[in-house]
Amino acid sequence: VQLQASGGGLVQAGGSLRLSCAASGLIFDDYVIGWYRQAPGKEREGVSGFSRENGNTYYAASVKGRFTISSDNAKNTVYLQMNNLKPEDTAVYYCAAARGRSARIISAPGASPVETWGHGTLVTVSS
C-alpha cells in the first residue's frame, strides 16, 4: 500500500491550497482516506476523512466550513481543498488510510484505525 501526498507550501492568511493523496495497493471500499496534521509542540489531529464506500465525510471543528475533502475515483486520489487558511493551520499534513467505513474514524484518539501513512507535506500560513 502506498500513499503519495503533495500540495503543501507557503501561503498568506486567507489564501488557499489543495493537498492531494494518491493511493495504490488497497481496496478502497474497505478504507477511509484521511488527513491528519501535526504542528510543532502539538498532538497530531485528525482533520478530515472521506469514505469512498458510502461517500461520507468528516471534518474537525477547527476546519469545518473552510476545508473540503473530495475524491477522484478514476485516479484513486483524495483531495483536501483548504480555503481561508489561518496561521493556526500551519502544520505538517499527512494523508492516511484507516480501515473502516465511517469517515468519522479519522477523529479516533491516537489515530488508532490508521494502517498506512503517507509522507508529510508542510503547510505554512503566514500572518
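- Hydrophobic clustering of Ile, Leu, Val, Met, Phe, Trp and Tyr side chains at less than 4.5 Å, counting indirect connections, unites I69 with V47.
- Partners of Q2 under the side chain to side chain contact (heavy atoms under 4.5 Å, CB included) rule, at least two apart in sequence or in another chain, are S24.
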Listing, residues 73-80 side-chain donor-acceptor contacts under 3.5 Å, not counting sequence neighbours, or none:
unit_1: N73; atom_1: OD1; unit_2: S71; atom_2: OG; d: 2.8
unit_1: N76; atom_1: OD1; unit_2: R52; atom_2: NH1; d: 3.2
unit_1: T77; atom_1: OG1; unit_2: K75; atom_2: O; d: 2.9

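- Smallest separation of non-hydrogen atoms from I105 and Y36: O-OH, 4.3 Å.
- For the residue pair L17 and L85, the shortest heavy atom distance occurs at N-CD1, 3.8 Å.
- The two residues C21 and I33 come nearest to each other via the heavy atoms SG-CG2, 4.1 Å.
- When the side-chain hydrogen bond (donor to acceptor under 3.5 Å, both in side chains) test is applied to T57, no partner is found at least two apart in sequence or on another chain.
- For residues 53-73, the set of pairs meeting the ring pair (Phe, Tyr, Trp, His ring centres under 6.0 Å) definition, not counting sequence neighbours, is empty.
- Atom CG in L3 sits 6.5 Å away from atom CG in L26 (nearest 0.5 Å).
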Donor-acceptor pairs under 3.5 Å, side chain of residues 116-127 to any protein atom, not counting sequence neighbours: which ones?
unit_1: H119; atom_1: NE2; unit_2: Q4; atom_2: NE2; d: 3.2
unit_1: H119; atom_1: NE2; unit_2: A5; atom_2: O; d: 3.1
unit_1: T121; atom_1: OG1; unit_2: G8; atom_2: N; d: 3.1

Hey, can you pull the donor-acceptor pairs under 3.5 Å for the side chains in residues 92-103, sequence neighbours left out?
unit_1: Y93; atom_1: OH; unit_2: R37; atom_2: NH1; d: 2.9
unit_1: Y93; atom_1: OH; unit_2: D89; atom_2: O; d: 2.7
unit_1: R99; atom_1: NE; unit_2: E115; atom_2: OE2; d: 2.7
unit_1: R99; atom_1: NH2; unit_2: Y31; atom_2: OH; d: 2.7
unit_1: R101; atom_1: NE; unit_2: D29; atom_2: O; d: 3.4
unit_1: R101; atom_1: NH2; unit_2: D30; atom_2: OD1; d: 3.3
unit_1: S102; atom_1: OG; unit_2: R104; atom_2: N; d: 3.3

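- Rounding to the nearest 0.5 Å gives a distance of 11.0 Å between CE of M82 and CZ of R18.
- Side-chain atoms of E88 and S62 form no donor-acceptor pair, as typed in the model, at a separation below 3.5 Å.
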